[in-house]
Amino acid sequence: MKNKEIAEIFRQVAQLLEIKGDNPYRIRAYEKAAQTIEALGVDVEELAKKGRLTSVPGIGADLANKIQEILRTGTLSLLEDLKKEIPPALLTFLQIPSLGPRKVKAIYDKFGITTLEELEKLCLEHKVARLSGFGFKTEENILKGIKLLKEKRGRRPLGEVLPYAEEIVELIKSKAPLENIASAGSIRRRKETVKDIDVLITSNQPEKVMSFVANLPQVEEVIAFGETKTSVRLKIGIQMDVRVVPQNSWGAALAYFTGSKAHNIRVRELALEKGLKINEYGVYRGEEWIAGRTEEEVYGALGLPWIPPELREDQGEIEAALEGRLPRLVEYHEVIGDAHVHSKYSDGASSLEEIMNYAEKLGLSWVAICDHSQGLKVAGGVPVEDLFKKKRHIEELNQKSKKVKLIFGAEVDINSDGTLDYPDEVLKEIDFVIAAIHTGFQQDEKQITERIISALKHPLVHAIAHPTGRLINEREPYAVELKEVFEAAKNYGKALEVNAYYKRLDLPYIYVRTARDMGIKLIIGTDAHIVDQMTYLSLGTAVARRGWCEKEDLLNTLSYEEFMAWLKKVRNA
DNA sequence: GCCGTTTTCGGCCCGACTGTTTTCAGTCG
């Protein structure tokens, strides 16, 4: 039973309890537990075996028992009982914007329906509007919501939304009367997927700013319009929430709208303990405003150092801040190498020259050219004879270039039986070997784990590319026991990739943190197949930062000479 | 349901906007 499945059970319990109208704090406890477990980075099962479940914040004696029950029986009797009381199909209704637990319950109590089609029909017949607390507007909103839900727009990959958000922020900045503007929310925390775009603004002409926003050409529909808060749905099918606050509240509002919600709740609880109150306008002692101009001021008022947005998930960062042991996160500009770029030698679209020029433009010092290996025919795997042509080509270019060095690498397939896709006498000529699984995804956990471990064990391999194989929103990770992979990587002194391609971000950040805690080196590669994609490097750095990585944890912060030395050291170990 | 250097009971983050009401509940972030 994986963490994700246990989290899902608790999440369903929370939602059913919500519809039932149960104690809101009990509901929050289940939600919080679901969130914590999902982001744990170690198997709950491991903790359970050691009897350490209650050491997880938010897991008390009762939830620990419930986890044990789930691990033992595969299900939770509480959930089964709730399902008998409230049809789980109703949970779909909760996904309709404007419908919350109270309204869902009212509809169910009156009509006993459980499908979107039935609900749609009732709205069209204007039967819903007759319920107390409902009206024709609500009916309209439900119909609109059902339509949106059927379009199935969920969370989008960060790499897809971020450039769009930056563009829209620039546009508002250049045309509306304002002092400060920034995107906040999950975009600022660089979470791997985002649900909406949050924009924070300071201005003394909020009404002008808001009407500018509401009339942007990108806007499809205005959902809510106020002087301090306006929400619109953009034509690309994503919601944008814009908040305008006074200049003095910039820091407080930025902290508040950056979240995460769990982080904010902890910070506010901390404030209460100190007799302070925090809202988006500032920090208050009684009626008196005492801080809020900058984030540093807000955290400072609580006796905390500033916490980088990427860490604000209530996953131990507040405790670390209190104890003065926040990591000194790797800075974006400290990442000076891209460890995984494809060229025309395999399925990439760019030549070595183009890659070198683009790297210089990005301010990089080195790029490892890791084309696919011979067996991966669909991706133009490089036959052995071309490999040495490529090697000479790289050497020529390196002689001419002072600023950027290319590294002769290969992304070598791990065959189904765990062997590698080039013979050893070829591998030893390749300066950087990153091994990867591209076939046999359907193998079971034992087989895949053993495949990866045998690659890690191979003396000529330096690292494993995209260790879980997941594609965000598209493909689940293959069955792999990461704990064993991590142990092997540690034992053999090998690195694990943080693949920065926007659909991969693999290792996912929660495992980056586990690997980093174990002392395993991480290496960012963009997996670029065309030079533009090398800009994804910053997404990889974001993942590393979310995984608490410091400069020393990332091989990409090494100079070309240092990295080459590391490559040699691995093979001599 | 969790939690505790005031506490093992009694707290638990805070505010904006909408749509329904006629002073506020529900939803959302």
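Letters go in sequence order (proteins before strands), and every chain restarts at 1.
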Close N or O pairs between protein and nucleotides 5-10 of chain B (under 3.5 Å):
none

Does the side chain of [X] get closer than 4.0 angstrom to OP1 or OP2 of [N] through an N or O atom?
{"X": "A:Arg28", "N": "B:dC13", "answer": "yes"}
{"X": "A:Tyr281", "N": "B:dA16", "answer": "yes"}
{"X": "A:Asn264", "N": "B:dC13", "answer": "no"}
{"X": "A:Tyr30", "N": "B:dG1", "answer": "yes"}
{"X": "A:Ser132", "N": "B:dT20", "answer": "no"}
{"X": "A:Arg26", "N": "B:dG1", "answer": "yes"}

Determine the Euclidean distance between corresponding [atom1] atoms of [M] and [N]; express it in Å to zero decimal places.
{"N": "B:dC17", "M": "B:dT23", "atom1": "P", "value": "23 Å"}
{"N": "B:dC12", "M": "B:dC24", "atom1": "C1'", "value": "23 Å"}
{"N": "B:dC13", "M": "B:dC3", "atom1": "P", "value": "14 Å"}
{"N": "B:dG4", "M": "B:dT8", "atom1": "C1'", "value": "8 Å"}
{"N": "B:dA25", "M": "B:dT7", "atom1": "C1'", "value": "33 Å"}
{"N": "B:dT5", "M": "B:dA16", "atom1": "P", "value": "32 Å"}
{"N": "B:dT27", "M": "B:dT21", "atom1": "P", "value": "14 Å"}

Select base, sugar-phosphate, or nothing to describe what [X] touches, counting heavy atoms under 4.0 Å on all strands.
{"X": "A:Asp62", "answer": "sugar-phosphate"}
{"X": "A:Phe136", "answer": "sugar-phosphate"}
{"X": "A:Asn141", "answer": "sugar-phosphate"}
{"X": "A:Lys105", "answer": "nothing"}
{"X": "A:Arg243", "answer": "sugar-phosphate"}
{"X": "A:Lys32", "answer": "nothing"}
{"X": "A:Glu227", "answer": "sugar-phosphate"}
{"X": "A:Ile278", "answer": "sugar-phosphate"}

Under 3.5 Å between N/O atoms: give me all the protein pairs with nucleotides 27-29 of chain B, atom names plus distance.
{"unit_1": "B:dT27", "atom_1": "OP1", "unit_2": "A:Gly100", "atom_2": "N", "d": "2.8"}
{"unit_1": "B:dT27", "atom_1": "OP1", "unit_2": "A:Gly100", "atom_2": "O", "d": "3.1"}
{"unit_1": "B:dT27", "atom_1": "OP1", "unit_2": "A:Lys103", "atom_2": "N", "d": "2.9"}
{"unit_1": "B:dT27", "atom_1": "OP2", "unit_2": "A:Arg102", "atom_2": "N", "d": "3.2"}
{"unit_1": "B:dT27", "atom_1": "O5'", "unit_2": "A:Gly100", "atom_2": "N", "d": "3.4"}
{"unit_1": "B:dC28", "atom_1": "OP1", "unit_2": "A:Ser98", "atom_2": "N", "d": "2.6"}
{"unit_1": "B:dG29", "atom_1": "OP1", "unit_2": "A:Lys195", "atom_2": "NZ", "d": "3.3"}
{"unit_1": "B:dG29", "atom_1": "N2", "unit_2": "A:Tyr256", "atom_2": "OH", "d": "2.3"}

To the nearest Å, how far apart are [X] [atom1] and [N] [atom2]?
{"X": "A:Ile59", "N": "B:dG1", "atom1": "CD1", "atom2": "P", "value": "12 Å"}
{"X": "A:Glu139", "N": "B:dG19", "atom1": "CD", "atom2": "C1'", "value": "13 Å"}
{"X": "A:Lys144", "N": "B:dG19", "atom1": "NZ", "atom2": "C1'", "value": "13 Å"}
{"X": "A:Leu272", "N": "B:dG4", "atom1": "CG", "atom2": "P", "value": "15 Å"}
{"X": "A:Gln35", "N": "B:dC2", "atom1": "CD", "atom2": "C1'", "value": "15 Å"}
{"X": "A:Asp314", "N": "B:dC3", "atom1": "CG", "atom2": "P", "value": "11 Å"}
{"X": "A:Phe93", "N": "B:dG26", "atom1": "CZ", "atom2": "P", "value": "19 Å"}
{"X": "A:Ile223", "N": "B:dG26", "atom1": "CD1", "atom2": "P", "value": "22 Å"}

Is a donor on one side and an acceptor on the other found under 3.5 Å between the side chain of [X] and the backbone of [Y]?
{"X": "A:Arg312", "Y": "A:Ile307", "answer": "yes"}
{"X": "A:Glu317", "Y": "A:Asp314", "answer": "yes"}
{"X": "A:Asp109", "Y": "A:Gly112", "answer": "no"}

Is a salt bridge present between A:Lys150 and A:Glu120, judged by a nitrogen-to-oxygen distance below 4.0 Å?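 Result for this pair is yes, salt bridge flagged.
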Under-4.0 Å salt bridge between A:Lys2 and A:Glu8: no
Can you work out whether A:Thr228 or A:Thr138 has the more 5'-proximal nearest nucleotide on DNA chain B?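 Mapping each residue to its closest nucleotide by heavy atoms, the 5'-most match is A:Thr228.
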If you assign A:Glu269 and A:Asn23 each to the DNA chain B nucleotide with the nearest heavy atom, which residue ends up on the more 5' nucleotide? A:Asn23
The glycosidic conformation of B:dT20, counting syn as within 90° of 0 and anti otherwise, is anti
Are side-chain N/O atoms of [X] and [Y] paired as donor and acceptor at under 3.5 Å?
{"X": "A:Gln95", "Y": "A:Thr92", "result": "no"}
{"X": "A:Thr526", "Y": "A:Gln533", "result": "no"}
{"X": "A:Asn180", "Y": "A:Thr202", "result": "yes"}

Qualifying residue, where the test is side-chain hydrogen bond (donor to acceptor under 3.5 Å, both in side chains) with A:Arg11 and the options are A:Glu38, A:Gln35, A:Glu31: A:Glu38
By ring-ring contact (aromatic ring centres under 6.0 Å, His included), which residues pair with A:His126, not counting sequence neighbours? A:Phe136
Over 60° means perpendicular and under 30° means parallel, so tell me whether A:Tyr536 and A:Tyr501 are parallel, tilted or perpendicular. perpendicular
Could you give me the CA-CA distance, side-chain angles and deciding distance for A:Val209 and A:Thr230, then say whether side-chain contact (heavy atoms from CB on, under 4.5 Å) is met? CA-CA 10 Å; A:Val209 172; A:Thr230 288; over 6 Å; no
Does any nucleotide pair with B:dT8 by Watson-Crick or G-U wobble geometry, both distances under 3.5 Å, and what is it?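 For B:dT8, the partner nucleotide comes out as none, under the 3.5 Å rule.
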